[in-house]
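These notes concern the structure reproduced below.
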Amino acid sequence: MGEGISDYTKNIVDLRRHMWLEGVEVELRRLIWQIAIVGKYISAKIHESNRKLAGLKNVYGDDQLALDRVSDDIMRNKLQFSGFVREYASEELEDIVKIGTGKEKYIVTADPLDGSSLVDSNLAIGTIIGIHKDSVLDVGRKTMVAALYITYGPLITMIYSAGRGAHEFVLDREGEYVLSQENIRLKEKGSIFSPGGLRRDWMPEHLKFVEQLEKDGYKLRYSGGFVPDINQIIIKRGGVFTYPALKNSPQGKLRLLFELQPMAFIMEQAGGQATDGNEDILSIKVENINQLSPVYIGSSAEVQLAKQMLS
Ligand code: AFP
């Protein structure tokens, strides 16, 4: 082995080593590791979709299944035999499903492939995961023990938090998730904003909030993918994403259980905040798995401003 390679191997902190050093409980770290592996399989499926973009059929001659369905199958199969998961709730399924023997420690929520409609235009997409110790139809803050998201962009990156900060890893060419940023902390205030929904459908208070950001010189950054938009705020250390209440959809568009609460968990661990305008996202009781909520998530100054203007 060349000296360069062994030095590299010696110096990197991979995901498993990081979780061990952080003192993440053994079953939880094994589960997070297995989910990270699923991320590799999903990214392989995204790459295979180039055949569909090229107007081709898959190797079996069938039309390819929607990528989000395939991603869900992969996730569910992996978790089913992980030995750590007793219930699985997915954006792709109607109900929470029991998997495993029922004695396993964790319940997992998944948005296996968020933003899949962006695949054909080659924009970044992602996977969002929440890990709970008790029923998810409860208050998120009490039951969630960890959350992570994977961004499939020019690079594949993952940010996880098991309640001790938020840490970023990048998938290297050897297939290893290597630590790239530890204990990411947002600044009090950022300089970018990602506003979802059509301006003509916004409520007057929300319009005022956005106009204030525009007046303050915030730059518009909106891709149509929740994962890359949140990732940009975290990596740039500040800013705000919002998908507000709309005139014809008072609860907005995004799902509390699959999208908002896992991201709120990570955002809080990075020193940011998340609210529906009134209540913390993590304190909202989830009454059904498809529940939607308006959201303001990002660095604290902007989230506080939203709260003030909406109240
Ligand atoms: P798709 O999975 O249908 O692409 O939706 C993505 C998403 O749920 C979320 O990732 C985005 O932030 C949001 O919708 C974008 O919604 P708009 O298309 O209304 O801007």
Side-chain angles (χ1 to χ4, degrees), residues 39 42-43 45-46 49 52-53 64-75 89-94 109-130 147-153 157-159 192-203 206-207 210 213 220-236 239-267 272 274-277 281 286 289-298 302-303 306:
I42 292 178
S43 91
K45 288 290 170 194
I46 297 168
S49 74
K52 192 173 175 193
L53 292 182
Q64 288 179 321
L65 273 178
L67 260 183
D68 35 20
R69 289 271 315 284
V70 174
S71 304
D72 183 59
D73 284 349
I74 299 172
M75 183 69 73
S90 163
E91 237 219 13
E92 295 301 315
L93 305 173
E94 306 260 304
T109 69
D111 187 349
L113 200 60
D114 185 71
S116 53
S117 66
L118 302 174
V119 170
D120 57 359
S121 48
N122 199 20
L123 283 163
I125 50 180
T127 296
I128 310 171
I129 299 289
L148 66 92
Y149 68 85
I150 301 171
T151 309
Y152 310 99
T157 58
M158 188 200 74
I159 292 193
I192 56 175
F193 73 116
S194 306
L198 295 180
R199 203 173 184 102
R200 66 169 188 217
D201 296 333
W202 292 346
M203 308 300 252
H206 179 76
L207 181 60
V210 173
L213 297 177
L220 179 64
R221 294 285 184 268
Y222 190 80
S223 73
F226 187 48
V227 172
D229 286 343
I230 290 293
N231 193 50
Q232 178 156 214
I233 289 168
I234 292 183
I235 297 303
K236 302 290 185 195
V240 63
F241 174 98
T242 161
Y243 211 109
L246 302 175
K247 286 177 190 156
N248 53 3
S249 171
Q251 293 307 309
K253 178 181 179 188
L254 300 187
R255 296 201 195 186
L256 193 55
L257 186 61
F258 301 112
E259 295 169 299
L260 301 183
Q261 289 194 331
M263 286 304 200
F265 186 93
I266 293 170
M267 193 59 86
T275 177
D276 66 355
I281 290 293
V286 181
I289 65 169
N290 293 318
Q291 197 169 321
L292 307 177
S293 170
V295 68
Y296 298 81
I297 176 169
E302 294 84 346
V303 176

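All ligand and atom numbering here is 1-based and tracks the order in the structure.
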What protein heavy atom sits nearest [atom], and how far away is it?
| atom | answer |
| --- | --- |
| atom 11 (C) of ligand 1 | Gly224 O, 3.3 Å |
| atom 4 (O) of ligand 1 | Ser117 OG, 2.6 Å |
| atom 5 (O) of ligand 1 | Lys253 NZ, 3.8 Å |
| atom 20 (O) of ligand 1 | Tyr222 OH, 2.5 Å |
| atom 19 (O) of ligand 1 | Tyr243 OH, 2.6 Å |
| atom 12 (O) of ligand 1 | Phe226 N, 3.3 Å |
| atom 2 (O) of ligand 1 | Gly115 N, 3.0 Å |
| atom 10 (O) of ligand 1 | Asp114 OD2, 2.5 Å |

Mind checking whether [X] has a heavy atom under 4.0 Å from ligand 1?
| X | result |
| --- | --- |
| Gly225 | yes |
| Leu118 | no |
| Arg255 | no |

In terms of atom number and element, which parts of ligand 1 are under 4.0 angstrom from non-hydrogen atoms of [X]?
| X | value |
| --- | --- |
| Phe241 | 12 (O) |
| Glu259 | 8 (O) |
| Ser116 | 2 (O), 4 (O) |

>> Between Arg69 and Glu92, does any NZ, NE, NH1 or NH2 come within less than 4.0 Å of an OD or OE carboxylate oxygen?
In response: no
> Taking heavy atoms and a distance under 4.0 Å, where does Leu113 meet ligand 1: side chain, backbone, both or neither?
Replying inline: neither
> Counting only heavy atoms, which portion of Phe258 has something under 4.0 Å from ligand 1: side chain, backbone, both, or neither?
Replying inline: neither
> Going by heavy atoms in the side chains, are Ile233 and Phe193 under 4.5 Å from each other?
Replying inline: no
>> Show the nearest heavy-atom pair for residues Thr109 and Leu257, with the distance to one decimal.
In response: OG1-O, 3.6 Å
> Can you find a side-chain donor-acceptor pair between Ser223 and Asp229 that sits under 3.5 Å?
Replying inline: yes
> How about Ser194 and Tyr243: does a side-chain donor come under 3.5 Å of a side-chain acceptor?
Replying inline: no
>> Quick check for you: to the nearest 0.5 Å, what is the distance between Ile281 atom CD1 and Gln261 atom CD?
In response: 7.5 Å
> Hey, mind stepping through Ser90 and Asp72 against side chain to side chain donor-acceptor pair (under 3.5 Å) and telling me if it holds?
Replying inline: CA-CA 7 Å; Ser90 163; Asp72 183 59; 2.6 Å; yes
>> Please determine whether side chain to side chain contact (heavy atoms under 4.5 Å, CB included) holds for the pair Ile128 and Val227, giving the CA-CA distance in whole Å, both sets of side-chain angles, and the decisive distance to 0.1 Å.
In response: CA-CA 8 Å; Ile128 310 171; Val227 172; 3.5 Å; yes
